[in-house]
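Here's the structure we're looking at; comments come further down.
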Amino acid sequence: MGQLRIATWNVNSLAARMPRVLDWLGSAAPDVLCLQETKATEAAFPGAALEELGYASAADGDGPYNGVAILSRVGLEDVSSGFLDEPGFPDPERRSIAATCRGVRVWSVYVPNGRTLDSPHYAYKLAWLEALAAAVEEQLALGAPLALCGDFNVAPTDADVWDPSVFVGSTHVSRPEREAIGTLVALDLTDVQPRALKGEPYTYWDYRAGMFHKGEGMRIDLVMLSSALAEAVTDAYVDRDARKGSKPSDHAPVVVDLTLP
DNA sequence: ATGTCACAAACTTTGTGA
């Protein structure tokens, strides 16, 4: 039996968030942490500081937008950036990285936002999700347990937004986006449901208008596990406290605990 | 109040993306 704690966190700039990330690694002690929106080039990635805490890292980023990484203290092998036929806008962006950590194939993904339903960024988002599903299907065929983690920029159900009426006609809740999540579920991935804290399952709260303290959030950061891993889940929660205090990200980490056979 | 933040432009402020 082996315990494994996997987490995902959109940090909204690793440079801006590094003090909080270092604190959080110390307190939450994940074995594997997937990061999104690092906004860090590979040259600027703070690998040495993370290594001091015992975490190996794999990162992909090229500038002030996007950027993903995987930190692991249980091994980090076969690192791969992007995926087969990943769409771009127009060129591929730095939105996906994968590595094998203690036998688990871990993907850290940052799905395009989409902006508005009539935007070319929305069509790009749907194309990106479709290509992701195809790549995930190929990955699953290899047989290794898969943890697909990240900021999906989709709230899978109406229960995952504070007020569905506010989102009518918006991205993040549209039928095609939700169907794209459904496609991943149909590939036998489980969208792990975090324990509701304060009655809320949310992982993201806009910085504006005091939305965090008003409870106006969304669950858009997901951990999707292949069947063997899903069966091994012992706990899952959103670390809402990480959204509080000084200089927080607008996202909170999602933490999943597993007991592997 | 579309009320915040992070970033990079060539600025001591504005645009952009989220």
Side-chain angles (χ1 to χ4, degrees), chain A residues 8-24 34-46 49 59-69 87-96 108-129 132 149-156 160-174 177 180-181 200 202-222 238-254:
Chain A
T8 186
W9 193 7
N10 178 322
V11 290
N12 185 19
S13 170
L14 189 52
R17 216 65 59 217
M18 197 56 179
R20 305 250 339 196
V21 170
L22 293 174
D23 278 356
W24 193 79
C34 296
L35 300 176
Q36 301 85 38
E37 282 204 88
T38 57
K39 303 183 179 178
T41 62
E42 284 164 85
F45 192 85
D60 194 17
D62 67 351
Y65 303 117
N66 312 310
V68 287
F89 197 88
D91 300 317
E93 300 175 305
R94 309 302 177 102
R95 294 182 175 276
S96 175
S108 176
V109 300
Y110 176 48
V111 176
N113 176 287
R115 303 191 185 182
T116 58
L117 296 183
D118 59 0
S119 166
H121 291 271
Y122 178 71
Y124 167 48
K125 179 181 195 174
L126 295 182
W128 201 93
L129 283 165
L132 175 68
C149 310
D151 177 358
F152 285 74
N153 271 315
V154 180
D160 296 315
V161 297
W162 84 92
D163 182 356
S165 71
V166 170
F167 289 88
V168 173
S170 297
T171 61
H172 294 60
V173 302
S174 72
E177 290 165 90
I181 301 301
E200 301 171 357
Y202 310 137
T203 65
Y204 161 82
W205 300 259
D206 196 299
Y207 285 121
R208 289 171 285 195
M211 291 176 76
F212 176 64
H213 76 255
K214 290 194 277 190
E216 297 180 347
M218 309 171 74
R219 188 177 74 92
I220 57 176
D221 300 273
L222 310 180
V238 179
D239 192 349
R240 206 175 164 281
D241 287 345
R243 181 62 178 77
K244 300 175 180 173
S246 169
K247 304 272 286 180
S249 171
D250 43 1
H251 296 249
V254 179

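Below, chain A is the first sequence line, B the second, and so on; all start at residue 1.
Summarising the geometry, the separation between CD on A:Glu93 and C1' on B:dG17 is reported as 12 Å, rounded to the nearest angstrom. For A:Asn66 and B:dT16, the CG to P distance is 18 Å, given to the nearest whole Å. Rounded to an integer number of Å, the gap from A:Tyr124 OH to B:dG17 C1' is 14 Å. To the nearest angstrom, P of B:dG17 lies 17 Å from CG of A:Asn10. When the C1' atom of B:dT16 is taken as reference, atom CZ of A:Phe89 falls 14 Å away, rounded to whole Å.
Less than 6.0 angstrom separates the ring centroid of A:Trp162 from the ring centroid of A:Phe167.
Contact annotation for A:Tyr204: no contact, since no heavy-atom pair falls under 4.0 Å across all strands.
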statement: Per-nt protein contacts along nucleotides 2-9 of chain B (heavy atom under 4.0 Å; B base, S backbone sugar-phosphate only, - none) come out as -BBSSSS-
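With sequence neighbours left out, A:Arg17 forms a salt bridge (charged side-chain N to carboxylate O under 4.0 Å, His left out) with no residue at all. With sequence neighbours left out, A:Leu22 forms a side-chain contact (heavy atoms from CB on, under 4.5 Å) with A:Met18, A:Leu50, A:Leu53. The side-chain contact (heavy atoms from CB on, under 4.5 Å) search around A:Pro164 returns A:Asp158, A:Val161, not counting sequence neighbours. In this structure, the side-chain contact (heavy atoms from CB on, under 4.5 Å) partners of A:Ala69, at least two apart in sequence or on a different chain, are A:Leu35, A:Thr38, A:Phe45, A:Ala59.
B:dA1 and B:dT12 have their C1' atoms separated by 26 Å, given to the nearest Å. Spacing of P atoms, B:dT16 relative to B:dA10, comes out at 13 Å, to the nearest Å.
For residues 244-254 of chain A, the pairs satisfying salt bridge (Lys or Arg N to Asp or Glu O under 4.0 Å) are A:Asp241-A:Lys244, with sequence neighbours left out.
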